[in-house]
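Note sheet for the following structure.
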Amino acid sequence: MQRWAIVIMLFLGALFNLPTTWSKHTPKIVEAVVIDAGSSHTSALLYRWSSDLISGTGLVQEMEQIYLDTPVTSFAGDPGNLTTFMQDLINDMKDWGSTSSDIPIYVGATAGMRILQESKPEDVDEILEVIERVIKNSRFEVGDVAILSGSDESLYSWLSVNVLSRAIPASPKGSSGNEQIETAGALDMGGGSLEVAFNCVDGCDQAHTLDVFNQTFTVWPSMASCYGIREAMGRYTALTIYQAFKRGENLTGVDIHNPCANEHSQLRDKWLGDFSTIKSNIFTNNCTKIIDAEFSDWLVSIPDGLEFHFHDSYDEHKCDQVLEPLTNFSACREIFGQECLNPSGLSLPNDTFYGFSSFYHSFRKPLNLEKSTDYATAMHKIKEVCQEPQSCDTCSKTDCFEVSYVFKILTDGLSFNKDTFGHLQFVDEIKGSQVSWTLGYATMRSQEPLDESRNITLISQCFFPWMILICVMCILFHLTYCFLPLCSLC
Ligand SMILES: *[C@@H]1O[C@H](CO)[C@@H](O)[C@H](O)[C@H]1NC(C)=O
Ligand SMILES: *[C@@H]1O[C@H](CO)[C@@H](O)[C@H](O)[C@H]1NC(C)=O
Ligand SMILES: *[C@@H]1O[C@H](CO)[C@@H](O)[C@H](O)[C@H]1NC(C)=O
Ligand SMILES: *[C@@H]1O[C@H](CO)[C@@H](O)[C@H](O)[C@H]1NC(C)=O
Ligand SMILES: *[C@@H]1O[C@H](CO)[C@@H](O)[C@H](O)[C@H]1NC(C)=O
Ligand SMILES: *[C@@H]1O[C@H](CO)[C@@H](O)[C@H](O)[C@H]1NC(C)=O
């Protein structure tokens, strides 16, 4: 009798001890959710990596994603509906095949919130508080809820692109360092801002260093606020009004020429489907603030609800003229005084550049382009979208503006030309994973030490192998009698 008792005790002792021994040899699965609180959308992504890091960094993989068309900034001053929105988003994550129970959620807000912070900082604080409270009351842990700086967003995007395209971690080829690693640049255009990042080899005094996979990269990140597609559309509309004002037109009585719109297009697409026409919807923030005193006096004199009338008719030359100040630094400074892209301050290396977000949705998709194309084809297709009758489920009246603006930014703004246009790759996904700053962010988070108490994954992972072992013993050695309670679990 005593012998059996000792065997049982030893066995149970082993059972409860083994998970800790096991953990020394078995990598854990680490998971984190990253919520992208963008200017024009909100998305939640589940990332997973093994605790067996590669030179100190996790090889992060996207497991699940939820994409919603609604940005959190649309709930400014409406915490009640924001709470419901965030609760619904977190509820939708219950179908995810996540293995651990208390996964941290990291929330990064981008340009939309940065721009809102300039005009209504109290709304921004409230939005962040509501988000944090909803996460606290959910089954998830609060990781971090913050506004990302433009340069961080840009660095993370660069990292995402290079991890997804498998440029890094590079197979160690020699010992001479990073020179041998060919990385790609990242072009990210959201709704609010434009981010550019590339590996800078020399003459980069403003470059940031990025330490991943035990390698140091020198990355030049730059961010242009107001250059996201939605803010740019606001600036474009403001410019058509301003330029008509300068010509002395009667703006309340006559139609204003909209030269970047296809008159044949129908209104289909919901997001950015149409240009704003109401004064208070156009002149909403600093992006559309025109410093000309005569114009701003006139603007103050007209009612907020005044509706401008536009006449859509594509004119390639005039369209380019209205857009001109956006890529001409001195003209932009004269009109807006701030947030101006300086093309001569950006000298892009002769690398492959991945263009995503609006470079995909507002350029490649409406133009129906291949992943990579040449300058002449792009120009030809732009004319088609702007002139020919367009009718499709995702076509909209603003397509012509969108493709013209993105092309202007790529060529006059970022200096892609006939020889280098082919280095651009317009993508939404690379190897099945969404391209955005979020994967790079999770990669940086993977370098942080694990909170050991957090991971329940371990127990469930270890329990099953041991259950199987017990069952095998039960069957092979006919131990049903002694381990009756355990064997009955089989
Ligand atoms: C990082 O690289 C250095 C040499 O470049 C090496 O000595 C060190 O062990 C590496 N660390 C890790 C965690 O791989
Ligand atoms: C949510 O928004 C709707 C309008 O879309 C409004 O009628 C309602 O009062 C809002 N709810 C809360 C709790 O603020
Ligand atoms: C502009 O046109 C409107 C409507 O035609 C007219 O009522 C108004 O007097 C005009 N304003 C000027 C300054 O001409
Ligand atoms: C944005 O506008 C607000 C108010 O219009 C102003 O106080 C603020 O200084 C502006 N921000 C910048 C960066 O100029
Ligand atoms: C930029 O705009 C200025 C006016 O502000 C103009 O004089 C100049 O010619 C423009 N530059 C180019 C390259 O068009
Ligand atoms: C840019 O790179 C391509 C190869 O990708 C090469 O053919 C071309 O000569 C390079 N151009 C310059 C200016 O270095």
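Ligands are counted one by one from 1 in listed order, and the atoms in each one are counted from 1 as well.
For residues 295-309, the set of pairs meeting the side-chain hydrogen bond (donor to acceptor under 3.5 Å, both in side chains) definition, not counting sequence neighbours, comprises T277-E307, K279-D304.
The presence of a protein heavy atom under 4.0 Å from atom 14 (O) of ligand 2 is confirmed. Within a 4.0 Å radius of atom 5 (O) of ligand 5, the protein contributes one or more non-hydrogen atoms.
Comparing heavy-atom distances from atom 10 (C) of ligand 5 across T327, I335, N328 singles out N328 as nearest. Evaluated by nearest non-hydrogen atom to atom 1 (C) of ligand 2, the leading choice among T84, L82, N81 is N81.
Against a heavy-atom cut-off of under 4.0 Å, A331 is close to the following atoms of ligand 5: 2 (O), 5 (O). Against a heavy-atom cut-off of under 4.0 Å, E334 is close to the following atoms of ligand 5: 5 (O).
A donor-acceptor pair under 3.5 Å links the side-chain atoms of T443 to the main chain of L439, judged by distance alone.
Ionic pairing of R445 and D144 is present here: one or more N-O contacts between side-chain nitrogen and carboxylate oxygen are shorter than 4.0 angstrom.
Between Y405 and F401, the ring center distance clears the sub-6.0 Å criterion.
Cation-pi geometry between R364 and F359 is not satisfied (NZ or CZ under 6.0 Å from the ring centre, within 45° of the ring normal).
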